There are 2 protein chains.
Amino acid sequence: MPQPAPAADTETRRRILSVSAQLFAENGFNHVTIRQICQAAQTNIAAVNYHFRDKLGLYKEVVQIAADGMHRLKSDVLDAIEPQPPEERLRNYVRLTMHHLLDPHEQSWMEKLIARETMEPTPAIDLIIEKGIRPTAERNGRMVAELLGTTLDDPRVWQCFLSVQGQCLFYKMSMPVTMRMAPPGFQYTPEVIDALAEHVYQFSLAGIRALAAQPAPAKMEWRP
Amino acid sequence: MPQPAPAADTETRRRILSVSAQLFAENGFNHVTIRQICQAAQTNIAAVNYHFRDKLGLYKEVVQIAADGMHRLKSDVLDAIEPQPPEERLRNYVRLTMHHLLDPHEQSWMEKLIARETMEPTPAIDLIIEKGIRPTAERNGRMVAELLGTTLDDPRVWQCFLSVQGQCLFYKMSMPVTMRMAPPGFQYTPEVIDALAEHVYQFSLAGIRALAAQPAPAKMEWRP
DNA sequence: GCTCAATTCAAACACTTGTATAAATCATAC
DNA sequence: GTATGATTTATACAAGTGTTTGAATTGAGC
């Protein structure tokens, strides 16, 4: 019973990873079969089991990559908007996030995979939380906290951030219905996405400002 | 080959419907097996095929009920808030919707089933759109339009409504992650849900008012 | 050229799924 | 009571799933 070298970087191994990342992101863990993956990767059925032990092993490696990439991607976004004034920071955060999620040309399978895991978690969810979400939580919070004129231990920070994130993700998650309700021929072109992002920005900025004007509620313990 | 009377109302048939509604809402069409349903309904494997032709037939009947019930539920909510001033209307709409979605005691499997179909549609999605969503679209729109001081053919109406709906649904859909990020022991008690709903209301009302203050964009054709 | 380990391959296995069949049971009208 | 049709039951089937196996192929090191 031959064993592959620990994490050897074979050509087929790479192909399987690349192909399955797309498939998993688009269809979810349960709706992708090993045979699909291997056919798309032009290799044998047993390749997945040989290189990744089993389907879940492959998936976890894909998720690992997604979580790391997500962290890097989010860090890049946050870096890019760092020097801007707070309002522009929010505007561009929303714009970039929605493009990653909605633009079909944007090959951002990582956002999609994580959006999927968020709604329908598998045993790999903890990886995503620890490596992909938690590390940028503090910077995300600071972006909102500054607009609120408060600190991270103010519960309004997370409620507002979730309201922003919720609007962005909702457009992605409700796409199947949106496309059916929209007039025929509708597409998520870059211009449409920009317009939606601008709406979410305007809507959210006003929401945040209104809450900033209210008396501060009791602080909460802040967890890292 | 015996055939059941058209839509006979047998006891087992009722049990299957009731049990599978819960299961489908909680786990989605693909993650529920006929054997699960029949075991929970304390009947034979073949009962589903006998009474509903096949699994999809059963599911479509469940969805039919959900779509009708959804329409009725939404109508009731809209009726209940009708006499209130516009702001209170929005506040209570958000509050009731979030309770239906999040309260574990609330046995509102219909909202959950439809939320699921929204994100991961099956061949039954059209039923939901036509019977469960479209019929109340106009009233939903009017609720927002009034706050915006505009008419249904103003694109801001739908963008704002989706922003509100998006926040509500997001809390439902991201529950798996939320529960893991939240401090241990966290639960969606009625009080917690009320607080969240109040936040969404405040946030959204400010967003809507800010957009109302802007110059009106080009109208769009309004589809029934 | 040979060796030996890593890698690929074809085939099969064990299991679950939805569905179909035919017999058994039940209920009701005559 | 019996006949007839509706319902329930036990069982089998075909297709699809992830996984395993053992042989074939490859390729680098000597």
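The structure displayed is predicted, hence computed values, not measured ones. In what follows, chains carry the letters A, B, and so on, assigned in the order in which the sequence lines appear, proteins first and then strands, with residues in each chain numbered from 1.
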Tell me, please, which residues at least two apart from A:Glu11 pass salt bridge (charged side-chain N to carboxylate O under 4.0 Å, His left out). A:Arg14, A:Arg15

Check salt bridge (charged side-chain N to carboxylate O under 4.0 Å, His left out) between B:Arg35 and all other residues, then give those that pass, not counting sequence neighbours. none

Distance, rounded to the nearest Å, where [X] contributes [atom1] and [N] contributes [atom2]:
{"X": "B:Asp54", "N": "D:dC13", "atom1": "CG", "atom2": "C1'", "answer": "17 Å"}
{"X": "B:Gln39", "N": "D:dT9", "atom1": "CD", "atom2": "P", "answer": "14 Å"}
{"X": "A:Tyr50", "N": "D:dT25", "atom1": "OH", "atom2": "P", "answer": "17 Å"}
{"X": "B:His31", "N": "C:dT16", "atom1": "NE2", "atom2": "P", "answer": "17 Å"}
{"X": "A:Ile34", "N": "D:dT19", "atom1": "CD1", "atom2": "P", "answer": "5 Å"}
{"X": "A:Asn30", "N": "C:dT16", "atom1": "CG", "atom2": "C1'", "answer": "13 Å"}
{"X": "A:Phe52", "N": "D:dT20", "atom1": "CZ", "atom2": "P", "answer": "16 Å"}
{"X": "B:Ile16", "N": "D:dT7", "atom1": "CD1", "atom2": "P", "answer": "12 Å"}

Pairing of A:Arg142 and A:Glu82 as salt bridge, 4.0 angstrom limit: no

Do A:Arg91 and A:Glu198 sit within salt-bridge range, that is, some charged N less than 4.0 Å from a carboxylate O? yes

Phosphate OP1/OP2 of [N] contacted by [X] side-chain N/O (<4.0 Å):
{"X": "A:Thr43", "N": "C:dC9", "value": "yes"}
{"X": "A:Thr12", "N": "C:dT8", "value": "yes"}
{"X": "A:His51", "N": "C:dA6", "value": "no"}

Run the side chain to side chain contact (heavy atoms under 4.5 Å, CB included) test against [X] and tell me which residues pass, sequence neighbours left out.
{"X": "A:His71", "value": "A:Ser75, A:Pro135, A:Thr136"}
{"X": "B:Asp54", "value": "B:Leu56"}
{"X": "B:Asn30", "value": "A:His31"}
{"X": "A:Thr97", "value": "A:Lys74, A:Tyr93, A:Leu101, A:Glu111, A:Cys168"}

What's touching nucleotides 25-29 of chain C from the protein side, N or O pairs under 3.5 Å?
none

Could you name each residue pair satisfying salt bridge (Lys or Arg N to Asp or Glu O under 4.0 Å) that touches residues 163-190 of chain A, not counting sequence neighbours? A:Arg180-B:Asp126

Could you go over nucleotides 11-14 of chain C and give all protein N or O partners under 3.5 Å, atom names and distances?
none

